[in-house]
Protein chains: 2
Amino acid sequence: MRKITIKDVARNAGVSIAAVSYVLNGKENKVSQDTIVRIHESIKELNYIPSITARGLVKNTSELIGVIIPQTEDHKQLVFENPFYSEMISAIEAVVREDGYHIILAGVDKGKTYLDISTSRNLDGAIIMGIYSEQLYEECKQANIPIVLIDSYVHDNEFTNVGIDDELGGYMATKHLIDNGHRNIGLVTGMIRKDGVVEKRFLGYKRALQEAGLFYNPDYVFENSVSYVHGRSSGALIAEKYPEITGVFATADMVAFGLIRGIKEAGKEVPEDISVIGFDDISMAHMFLPPLTTVKQQIFLKGETAAKLLIDQIRKKRGAKAHGKRTHIPLEIVERETVRNLRGD
Amino acid sequence: MRKITIKDVARNAGVSIAAVSYVLNGKENKVSQDTIVRIHESIKELNYIPSITARGLVKNTSELIGVIIPQTEDHKQLVFENPFYSEMISAIEAVVREDGYHIILAGVDKGKTYLDISTSRNLDGAIIMGIYSEQLYEECKQANIPIVLIDSYVHDNEFTNVGIDDELGGYMATKHLIDNGHRNIGLVTGMIRKDGVVEKRFLGYKRALQEAGLFYNPDYVFENSVSYVHGRSSGALIAEKYPEITGVFATADMVAFGLIRGIKEAGKEVPEDISVIGFDDISMAHMFLPPLTTVKQQIFLKGETAAKLLIDQIRKKRGAKAHGKRTHIPLEIVERETVRNLRGD
DNA sequence: CCTTTTGGGTTAAACGTTTAATTAAACTAT
DNA sequence: ATAGTTTAATTAAACGTTTAACCCAAAAGG
């Protein structure tokens with residue numbers, strides 16, 4: 001059966017197309033009460049659903065929001081190993097749905113660039129999670145739609161940022177270990193890239209050490225990828241070769257899980273022999289055994305905040321562009337069972 | 001700066017709009033070699049990117065694929081607690097991207113129904129995960145686009161199904177326990193609904209019991225939600241009140257995690273006192289401590305398969321509609337450390 | 001009673017494409 | 001040289017909306 005269009009409704013109600021469009025758009029001062037109800041009846045009767053596509057063409061909108069998330073190395077899959085992203089997406093979807101937007105999920109490929117997606121799809125806005133090449137940010141500017149960056153430290157007035165104070169987070173984690181009497185503290189982490197979130201956490205780690213008058217030992221930082229496997233091998237390594245290390249800060253919960261596994265495989269116990277503190281508080285953290293002590297970032301709130309800021313910006317399009325604003329979601333230590341208090345002994 | 005359209009390209013290349021469109025669509029027999037290159041040059045020069053929206057209007061396509069996933073009870077969030085879905089989505093996105101499609105992610109709300117989304121967005125196809133109300137399936141038929149259902153047992157020739165043999169899975173899990181010498185076997189599971197996946201697994205559980213000449217004891221099935229918390233409370237309950245139970249089949253890994261926690265909290269050990277087998281093999285299963293023995297379903301393959309089938313159907317639109325086909329992804333037990341062999345003793 | 005305003009409606013252009021129909025020129029074959 | 005065919009281009013309608021511009025009748029103001 002043919003698709004019903006505004007034309008059918010108009011005919012059915014015995015009015016012009018324009019009249020229908022006016023009531024669809026709530027411009028009710030243009031139409032008499034009588035016809036309004038007549039039109040509504042026809043809409044119901046015919047089960048008419050307007051085409052967002054057609055509307056988009058003339059209004060130059062799409063009611064679509066792009067969500068760009070990191071991909072695996074081979075550019076094949078979206079990086080969902082870390083549930084972190086899913087939780088955030090869930091939050092984003094929830095808020096944009098309220099305003100009739102949908103999210104389109106995409107990785108950015110070699111061939112199709114971000115700009116391609118944005119302009120060909122006529123995105124109304126985009127949320128970009130993670131860190132990418134300079135080129136991508138350039139493209140974003142050209143795309144000329146509201147964009148909010150999550151967990152990125154590019155400082156450009158074009159973009160709104162939401163994230164956490166990673167330096168503080170690193171500091172808090174390390175300090176928590178120190179406060180519990182640890183003095184030789186390892187750091188296991190992904191690649192420390194200039195202006196990346198892990199660099200900030202690393203900086204926080206160093207600050208806490210310094211503040212406590214502890215010596216920063218580069219040998220104690222195990223830098224590779226933010227992954228379970230890196231955690232696991234580092235755990236084994238630490239347990240076997242660094243008996244003096246009593247506490248380790250893993251810059252992501254996933255890493256912490258691997259770390260604990262590695263430590264146990266090497267015959268030591270957590271937290272009896274080695275304490276571990278993670279970062280993120282993904283939902284798995286409290287389910288893990290032993291339940292993971294970690295720096296909690298409110299993932300859901302983060303996604304929600306990003307989405308709200310984006311919607312705001314889309315709304316007042318040419319209004320006050322929220323220039324280079326950066327919102328920080330608060331952090332908090334959640335103590336569970338992987339950090340031992342050396343002081344109490 | 002204004003958006004560049006096909007018109008600009010045409011002007012720049014000194015040809016008609018139609019000519020440009022023809023080369024864009026590879027109908028190169030309609031255009032001379034000379035002009036083809038001239039047009040390509042203009043495209044490059046102006047950085048022209050075609051509007052999918054506009055094209056969609058005339059071709060009646062959107063190059064958009066809807067992915068419907070379950071929501072939390074309150075209909076607020078997408079159900080991402082279970083990483084299961086994220087993994088599948090990642091797979092789906094990967095394959096549809098190859099063909100230039102994007103996925104739009106949505107929960108189905110009270111207000112906006114599935115049909116609304118589908119027709120207003122002019123979806124080219126949809127993948128629906130999980131089980132919904134009759135009404136939704138009715139709407140789907142009316143929408144009249146290719147649809148593939150993942151993990152659903154609605155039998156209707158309109159839909160292509162991909163899933164696993166849940167009955168067999170339940171059987172395999174239970175049999176594995178039996179083969180390891182267990183005789184009193186608990187089942188902890190979500191609500192057993194007619195024609196739902198958990199019902200099938202439950203049926204498999206009973207079949208394995210029966211086949212082994214074991215008595216089916218309704219008291220041994222702990223039916224509630226597929227969630228960590230349900231697992232946890234059931235674990236405590238089993239450990240405390242059912243000393244005769246030595247093995248438990250949890251119908252989802254998430255549940256198994258909770259189960260193990262509950263058992264340990266009640267002072268018993270896994271697998272020494274009670275063995276546990278899960279279902280799914282989400283990536284967390286091998287990271288868990290102890291690593292979880294489970295029935296592995298190839299989640300990624302499942303998503304991939306669904307996506308491929310959908311694309312196929314979209315392609316040969318009016319061609320052979322893959323009528324009511326059901327594809328089963330193979331299952332396999334992966335033995336890790338939560339099932340104890342009682343026989344060897 | 002004439003002019004202006006207002007309410008309620010319609011017409012038609014525009015959004016950026018695709019594609020059927022048409023035309024014009026250049027070849028082919030006789 | 002003529003008719004027929006092929007090639008390469010253009011024109012214009014169509015897709016489903018929105019919205020500025022226009023129109024007319026009735027009400028309001030003077």
Side-chain angles (χ1 to χ4, degrees), chain A residues 1-40 42-43 46-64 100 116 118-124, chain B residues 1-40 42-43 46-64 100 116 118-124:
Chain A
M1 60 188 149
R2 245 189 61 269
K3 183 182 305 183
I4 8 186
T5 75
I6 197 174
K7 218 177 274 183
D8 301 307
V9 177
R11 189 172 330 110
N12 184 286
V15 298
S16 71
I17 287 181
V20 180
S21 176
Y22 286 136
V23 346
L24 248 31
N25 291 288
K27 300 203 182 7
E28 310 218 327
N29 57 324
K30 303 225 168 195
V31 186
S32 74
Q33 278 306 316
D34 280 6
T35 31
I36 288 181
V37 318
R38 203 140 37 85
I39 287 171
H40 274 132
S42 297
I43 290 177
L46 301 181
N47 244 309
Y48 166 67
I49 298 165
S51 157
I52 299 186
T53 313
R55 176 191 308 150
L57 232 205
V58 15
K59 300 236 268 192
N60 194 27
T61 61
S62 61
E63 278 151 56
L64 238 32
D116 285 329
S118 169
T119 81
S120 66
R121 291 268 178 213
N122 220 291
L123 299 184
D124 286 355
Chain B
M1 62 188 148
R2 243 188 66 267
K3 184 182 305 182
I4 354 188
T5 75
I6 197 174
K7 218 177 275 183
D8 302 307
V9 177
R11 189 170 334 109
N12 183 286
V15 298
S16 72
I17 287 181
V20 180
S21 176
Y22 285 136
V23 345
L24 246 31
N25 291 288
K27 301 202 182 4
E28 309 219 327
N29 56 326
K30 304 224 167 197
V31 185
S32 72
Q33 278 306 316
D34 279 7
T35 32
I36 288 181
V37 318
R38 204 139 36 86
I39 288 172
H40 274 132
S42 296
I43 290 177
L46 301 182
N47 243 307
Y48 167 67
I49 297 166
S51 157
I52 298 186
T53 312
R55 176 191 308 152
L57 233 204
V58 14
K59 300 236 268 191
N60 193 27
T61 60
S62 61
E63 278 153 56
L64 238 33
D116 286 329
S118 169
T119 82
S120 67
R121 291 266 179 217
N122 219 294
L123 298 185
D124 287 355

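Not measured: the values here are computed from a predicted model. In the text below, chain A, chain B and the rest are named by the order of the sequence lines, each starting its count at 1.
Listed by chain and residue number, B/N12 satisfy the side chain to side chain donor-acceptor pair (under 3.5 Å) test with B/S42 (two or more places apart in sequence, or in another chain). Under the rule for a side-chain contact (heavy atoms from CB on, under 4.5 Å), the partners of B/R121 that lie at least two apart in sequence or sit in another chain are A/I52, A/E63, A/L64, A/H102, B/I104, B/I117, B/L123. For B/I4, the side-chain contact (heavy atoms from CB on, under 4.5 Å) partners two or more places apart in sequence, or in a different chain, are B/D8, B/L46. In terms of the side chain to side chain donor-acceptor pair (under 3.5 Å) criterion, residue partners of A/S32 (sequence neighbours excluded) are, by chain and number, A/T35. Taking the side chain to side chain donor-acceptor pair (under 3.5 Å) definition, one finds that A/R38 meets it with nothing, sequence neighbours left out.
Going from atom CD1 of B/I6 over to atom P of D/dA14 covers 19 Å, rounded to whole Å. Between the C1' atom of D/dA9 and the CD atom of B/Q33 lies a distance of 15 Å, rounded to the nearest Å. Protein atom CD1 of B/I49 is 11 Å distant from nucleotide atom P of C/dT17, rounded to whole Å. Rounded to whole Å, the distance from NZ on A/K3 to P on D/dA14 is 18 Å. At whole-Å resolution of the value, CZ in A/R121 and P in C/dC15 are 22 Å apart. Rounded to whole angstrom, the span from the CD atom of A/E28 across to the C1' atom of C/dG7 amounts to 15 Å. Across the protein-nucleic acid pair, B/L46 atom CG and C/dG16 atom P stand 15 Å apart, rounded to whole Å. Across the protein-nucleic acid pair, B/N60 atom CG and D/dG16 atom C1' stand 10 Å apart, rounded to whole Å.
Where B/S51 and A/N29 each meet DNA chain C at their nearest nucleotide, the meeting point lying more 5' is that of A/N29.
The B/R55 side chain lies nearest to C/dT17 when the options are C/dT17, D/dC15, D/dT17. Taking only side-chain atoms of B/V15, from C-beta outward, the nucleotide of C/dG16, D/dT10, C/dT10 with the closest atom is D/dT10.
The nearest pair of heavy atoms linking A/A54 to B/L57 is CB-CD2, 4.1 Å. Between A/S120 and B/I49, the shortest heavy-atom distance links the atoms CB-CG2, 3.7 Å.
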What pairs of donor and acceptor atoms, side-chain ones from residues 23-31 of chain A against any protein atom, are under 3.5 angstrom apart with sequence neighbours left out?
{"residue": "A/N25", "atom": "ND2", "partner": "A/S21", "partner atom": "O", "Å": "2.8"}
{"residue": "A/N25", "atom": "ND2", "partner": "A/S21", "partner atom": "OG", "Å": "3.3"}

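To the nearest 0.5 Å, the span separating OG1 on B/T119 from OH on A/Y48 amounts to 9.5 Å. Taken to the nearest 0.5 Å, the CD1 atom of A/I39 stands 9.0 Å off from the CD1 atom of A/I6. One finds the CG atom of B/D124 at 10.5 Å from the NZ atom of B/K59 (value rounded to the nearest 0.5 Å).
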### Query
Along nucleotides 19-26 of chain D, 5' to 3', which nucleotides get a B, which get an S, and which get a -, given that the test is a protein heavy-atom distance under 4.0 Å?
BBB-----

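Residue A/T35 places at least one side-chain N or O under 4.0 Å from the OP1 or OP2 atom of C/dG9. Under 4.0 angstrom from either OP1 or OP2 of D/dC15 there lies no side-chain N or O belonging to A/T53.
Taken over five-pair windows at either terminus, the axes of the helix from C/dC1-D/dG30 to C/dT30-D/dA1 are inclined to one another by 50° (rounded to 10 degrees).
Using a 4.0 Å heavy-atom distance criterion, B/S16 is classed as a base contact. Heavy atoms of B/S32 sit under 4.0 angstrom from primed sugar atoms or phosphate atoms, though from no base atom.
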What does the list of N/O pairs under 3.5 Å between the protein and nucleotides 23-26 of chain C look like, with a distance for each?
none

